[in-house]
Peer 1: 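To start, I am sharing the structure in question, which I have written as structure tokens.
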Amino acid sequence: MNIRPRRNRKNAAIRDMVQESRLGLENLIFPVFLKDGTNIKEEIASLPNIYRWSIDLLLKEIDSCMELGIRTYDIFPAIEDHLKDQSATMSYDPANFYLKAIQKIKETFPEIVLMSDVALDPYSSDGHDGLVRNGKIVNDETLPILAKMSVAQAQAGIDIIGPSDMMDGRVGVIRSALDDAGYTETSIMSYTAKYASAFYGPFRDALNSAPKSGDKKTYQMNPSNKAEALIEAQLDIEEGADMIMVKPALCYLDVIHLLKENFATPVTAYNVSGEYAMVHAASQKGWIDYNAAMNEMLLSIRRAGADGILTYFAKDFAQSLVD
Ligand code: PBG
């Protein structure tokens, strides 16, 4: 044998030297949940160690995450039921506590990067990402609402708009609304290939945002499809997306790879709530090692081709670098 691959694995220094994919804090985006009020740190049963925070305590939490080196955050609002309506009016109402909180976070941490979610579901009494008319999710009537929501978020100081609704044409409509309002520097990270997945359950618990009827299969993608992701990516890029996202991450590593190989636009992946919850559940039972499983998952998403990863593991990963 003149070729023995094990020679490049014989000690840690050599393994580290030839390591192909790397994972650093610069790759991670930390999703956090915000709730109206003060002094609130509410547990979410299906998302261990992740909380719904009121803004006062969220500022402290962000402070400790910034100390650990996490610079980018995705903020999701938990809206009380009585403030929801069919057309998600609260999403762009200046009285929306979310918009005020964004302003406050940017004032407190000017160097932070904040991402938002753009879709009707947290604000919608129907729990759908688009407007529901006669039991159908209507595309074109949803677009102006998404545009208003995006402009309100940009005005509050959001750096990266994250349309997660999967309506056709929304990236273009949002881009021109932002530009018309003067927010030419606000980025769009589009949820490009977002699948109708069983792994969003804990997130919907966190926001109480599950659809009141039906499912999301007329707008989110069929888990069996890959070629369709190329169509979605091409459209989003043509419409002005700065980054394209695949969601969830782990069942769709091939899709991440496909988009990375085919487009020059940076690719990100959302390591979603159900993926995080599974690792917690199994490690609580003593069936897997939490940190090892976390590292392997995040590294596999990088290896597949993701530049950035949205992950609930962000703080634990940052902590593991210090420990
Ligand atoms: C809402 C949205 C969802 C997630 C992010 N934005 C849920 C959904 O589409 O039903 C899921 C994130 C996660 O599970 O961590 N448009």
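Remember, it's 1-based here, ligands and their atoms both numbered in the order they're listed. Count residues from 1 along the sequence. Everything quoted here is computed from the prediction, not taken from an experiment.
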Peer 1: Restricting to pairs with a member in residues 57-66, which pass side chain to side chain donor-acceptor pair (under 3.5 Å), not counting sequence neighbours?
Peer 2: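 Non-adjacent pairs meeting side chain to side chain donor-acceptor pair (under 3.5 Å): E61-K315.
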Peer 1: By ring-ring contact (aromatic ring centres under 6.0 Å, His included), which residues pair with F263, not counting sequence neighbours?
Peer 2: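 For F263 there are no ring-ring contact (aromatic ring centres under 6.0 Å, His included) partners, ignoring immediate neighbours.
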Peer 1: So, D307 and K260, do they make that salt bridge, N to O below 4.0 Å?
Peer 2: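 Answer for the salt bridge query: yes.
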Peer 1: For ligand 1, what are the residues with a heavy-atom contact below 4.0 Å?
Peer 2: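 Those residues closer than 4.0 Å to ligand 1 by some heavy atom are D117, A119, D121, D129, S164, K194, F199, Y200, F203, R204, K216, Q220, K247, Y270, V272, S273, Y312.
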Peer 1: What's the shortest heavy-atom distance between L259 and A229, and which atoms?
Peer 2: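 Closest heavy-atom pair between L259 and A229: CD2-O, 3.8 Å.
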Peer 1: Is it true that the side chains of T38 and D56 contain a donor and an acceptor less than 3.5 Å apart?
Peer 2: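 There is no such pair (donor and acceptor under 3.5 Å, judged by atom type) between the side chains of T38 and D56.
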Peer 1: Quick test of your reading: applying salt bridge (charged side-chain N to carboxylate O under 4.0 Å, His left out), list the pairs with at least one residue in residues 225-237, sequence neighbours left out, ordered by first then second residue.
Peer 2: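 The answer is R170-D236.
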